[in-house]
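Structure first, then comments.
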There are 2 protein chains.
Amino acid sequence: MAAKRSDARGKRPQRISEWLQPVHEPRSEPPLSRDRIVVTAVELLDAQGVDGLTMRRLADRLGSGVMSLYWHVDNKEDVFDLALDSVLEYRGPQQIAQDWRGEVVHMLEDWRASMLRHPWSASLLPRRALGPNILSRLELLSKTLSRAGVADADVNVAIWSLWNYVMGATITRASFDLSDDDRAAAQQRLTRLSERYPTIERSRLLLDNDWDGAFRKGLGFLLDGLSPR
Amino acid sequence: MAAKRSDARGKRPQRISEWLQPVHEPRSEPPLSRDRIVVTAVELLDAQGVDGLTMRRLADRLGSGVMSLYWHVDNKEDVFDLALDSVLEYRGPQQIAQDWRGEVVHMLEDWRASMLRHPWSASLLPRRALGPNILSRLELLSKTLSRAGVADADVNVAIWSLWNYVMGATITRASFDLSDDDRAAAQQRLTRLSERYPTIERSRLLLDNDWDGAFRKGLGFLLDGLSPR
DNA sequence: ACCTGAACACCGTTCAAGT
DNA sequence: ACCTGAACACCGTTCAAGT
């Protein structure tokens, strides 16, 4: 089953404005570029997952030959690096002047949400370098914690703790969400083995669906531990 | 460069006991089994990394045809699942009767250490199911936290928070550790961009090498936040 | 400067068959 | 019950060549 592409030029009635736009070969694809490759890679990853991204499929979507990609991009790893970072841009909070805790929570929840919108990003993260968008978030975190009064000796540990928490939570959430088949299988295995894991069976550790709530609450605990004084 | 296999029967002088053992074809490999496959898969992963594990290479090491593996194992995903869980067995603390905090810290540090001994396990985790050894650790965590007096409503959140922290820390540590080339490249990129990330450049966030210390300290902060009362 | 097709050295897995 | 080889439908990337 091939993924459907919505064609913006599809059946839309002609409007006058279109007469005024420059007429460049209406049917031909725009020229290849690093940006187009990254955007299309993200589309493909969204549609087909990590294993679905193939240099050949990517070239197909772009209407080019496979080897043309290699002029703009080093190799497949490079595509992964670029796709991952492209998905992690942070535009900041809507209203300014919150307290430091609110600022941190907002940025980290946005981080998690951005990755969950592209579940492949979570499973990709472990083997990738830190791109500019990731570094910007770490920079912001660092500034905010310093201003909040966290001791200099503790700031880096605090940043990594928050990073660890967000990455662990997001990766876990994304992989638990893979398919209904997987969920059913996991559930079945657990009940089958319930006598070996009585405590987590009783507390329904693996069946709790309030991921967002758990994330926020756990983050609260961690910030309690990190708060100055 | 092929990985060397140590042959247990190598140059060892013959001992009398060997005369007493049943004589079955001395040179032939033992029969294929799920266990042998998993053990060999872990060896191969240790030696070549995630991308190095190939059904064909695995069969080579086992001295069998590729398709023979498929009698014992569903597919490659299955091999990954089994290899991952096999590496996460927990044997408990050496001396008993610590306080709950010591018990939790010991188990989580052992968890991290086990994964870092097999760096591929960290990058594999995001897409894998929870095997029995992982579930046992969660069970232990649950029991310990309950006994420590963490409120029932908070136990699951506490478990996932600790899980998130350990997974995030371990995955990050394992991927930063990949190669000297990568490190050099990252360092270079950061200094090149130092004017864009002044705070984390000044605090040397990415250059701090005390991973073990940071892990322990951050875990302490998190446990502070999670402690009852 | 940018794009291409053919070719190479691989993959995982199906299938029909062997013992 | 356990193992096998041939074949299929793919991969990523090198290379030498085109414009």
Side-chain angles (χ1 to χ4, degrees), chain A residues 1-3 24-25 27-42 44-45 47-84 120 123-124 127-129 178-179 181, chain B residues 1-3 24-25 27-42 44-45 47-84 120 123-124 127-129 178-179 181:
Chain A
M1 169 178 50
H24 42 33
E25 281 312 300
R27 285 274 164 200
S28 83
E29 305 274 357
L32 223 43
S33 71
R34 217 174 151 83
D35 267 7
R36 269 191 79 220
I37 291 177
V38 174
V39 168
T40 309
V42 169
L44 189 50
L45 285 162
Q48 321 254 43
V50 177
D51 294 334
L53 179 64
T54 275
M55 295 306 269
R56 292 170 208 259
R57 279 209 270 260
L58 186 52
D60 266 6
R61 280 208 177 211
L62 287 160
S64 77
V66 202
M67 293 317 299
S68 311
L69 303 179
Y70 286 82
W71 179 263
H72 304 272
V73 132
D74 285 349
N75 47 37
K76 196 182 176 181
E77 302 285 285
D78 203 10
V79 177
F80 278 139
D81 283 342
L82 294 167
L84 176 61
W120 48 269
S123 63
L124 226 45
R127 298 207 279 163
R128 305 285 126 220
L178 284 181
S179 79
D181 283 0
Chain B
M1 168 179 52
H24 42 33
E25 284 313 297
R27 285 274 163 197
S28 81
E29 305 272 357
L32 223 43
S33 72
R34 217 174 152 80
D35 267 8
R36 270 192 79 221
I37 291 176
V38 174
V39 168
T40 309
V42 170
L44 190 49
L45 285 162
Q48 321 254 43
V50 176
D51 294 333
L53 180 65
T54 276
M55 295 305 269
R56 292 170 208 258
R57 277 210 270 260
L58 186 52
D60 266 6
R61 278 207 180 213
L62 288 159
S64 78
V66 200
M67 293 317 299
S68 311
L69 303 178
Y70 286 82
W71 179 262
H72 304 272
V73 132
D74 285 350
N75 47 36
K76 196 182 174 181
E77 301 286 284
D78 203 10
V79 177
F80 278 139
D81 283 342
L82 294 167
L84 176 61
W120 48 270
S123 63
L124 226 45
R127 297 206 281 164
R128 305 285 127 219
L178 283 183
S179 78
D181 283 0

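Because the structure is predicted, anything quoted here is derived from the model rather than measured. We name chains A, B, ... by the order of the sequence lines, and we start the count at 1 in each one. What's counted below: heavy atoms across the whole structure, side chains too, no hydrogens, waters or symmetry copies.
- Spacing between atom CZ of B:R36 and atom C1' of D:dC3 amounts to 14 Å, rounded to whole angstrom units.
- The pair B:E77-B:R127 does not count as a salt bridge, with every side-chain nitrogen at least 4.0 angstrom from each carboxylate oxygen.
- C:dC11 atom P lies 16 Å from atom CG of A:D51, rounded to whole Å.
- The shortest non-hydrogen separation linking B:V79 to B:A41 is CG1-CB, 3.7 Å.
- Separating the CG atom of A:D78 from the P atom of D:dG12 is a distance of 14 Å, rounded to the nearest angstrom.
- The structure places NE2 of B:H72 at 8.0 Å from OG of B:S64, a figure rounded to the nearest 0.5 Å.
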Using the side chain to side chain contact (heavy atoms under 4.5 Å, CB included) rule, take B:R34 and B:D78 through it: C-alpha gap first, then chi angles, then the decisive distance, then the call. CA-CA 11 Å; B:R34 217 174 152 80; B:D78 203 10; 4.1 Å; yes

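- Residue A:R57 places at least one side-chain N or O under 4.0 Å from the OP1 or OP2 atom of D:dC11.
- Comparing the C1' positions of C:dA16 and D:dC2 gives a spacing of 16 Å, expressed to the nearest Å.
- We find that CZ of A:R34 is positioned 13 Å from P of C:dC2, with the value rounded to whole Å.
- Distance check, rounded to the nearest 0.5 Å: OG of B:S68 to CE of B:M55 gives 10.5 Å.
- Other residues, nucleotides and ligands place no more than 12 heavy atoms under 6.0 Å from the CG atom of B:D35.
- Applying a 4.0 Å cut-off to non-hydrogen atoms, the residues of residues 64-72 of chain B that approach DNA chain D are B:S64, B:G65, B:M67, B:S68, B:W71, B:H72, listed by residue number.
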Output one line per pair: protein atom, nucleotide atom from nucleotides 17-19 of chain C, and distance, for all N/O pairs under 3.5 Å.
none

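- Rounding to whole angstrom units, CE of residue B:M55 and C1' of C:dT14 are separated by 13 Å.
- In this structure, the CG atom of A:N75 is 14 Å from the C1' atom of D:dC11, given to the nearest Å.
- Atom CG of A:L44 and atom P of D:dC11 are 11 Å apart (whole Å).
- Side chain of B:T54 to main chain of B:R57: no donor-acceptor pair is present (N/O by atom type, distance under 3.5 Å, no hydrogens or angles).
- Atom-to-atom, NZ of B:K76 to C1' of C:dT14 comes out at 18 Å; the value is rounded to the nearest Å.
- To the nearest 0.5 angstrom, B:W71 atom CH2 is 12.5 Å from B:I37 atom CD1.
- Atom-to-atom distance recorded for B:L69:CG and B:N75:CG is 11.5 Å, nearest 0.5 angstrom.
- Nearer to the 5' terminus of DNA chain C, by closest-nucleotide assignment, is the contact made by A:G63 (compared with the other of A:G63 and A:R56).
- Here the CG atom belonging to A:D81 is positioned 5.0 Å from the CZ atom belonging to A:R128, to the nearest 0.5 angstrom.
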Could you walk me through whether B:Q48 and B:L53 pass the side chain to side chain contact (heavy atoms under 4.5 Å, CB included) test, one step at a time? CA-CA 7 Å; B:Q48 321 254 43; B:L53 180 65; over 6 Å; no

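- When base pairs are accepted only as Watson-Crick or G-U wobble with both N-N or N-O distances under 3.5 Å, DNA chain D takes part in stems of 3 or more pairs at C:4-8 with D:12-16, C:12-16 with D:4-8.
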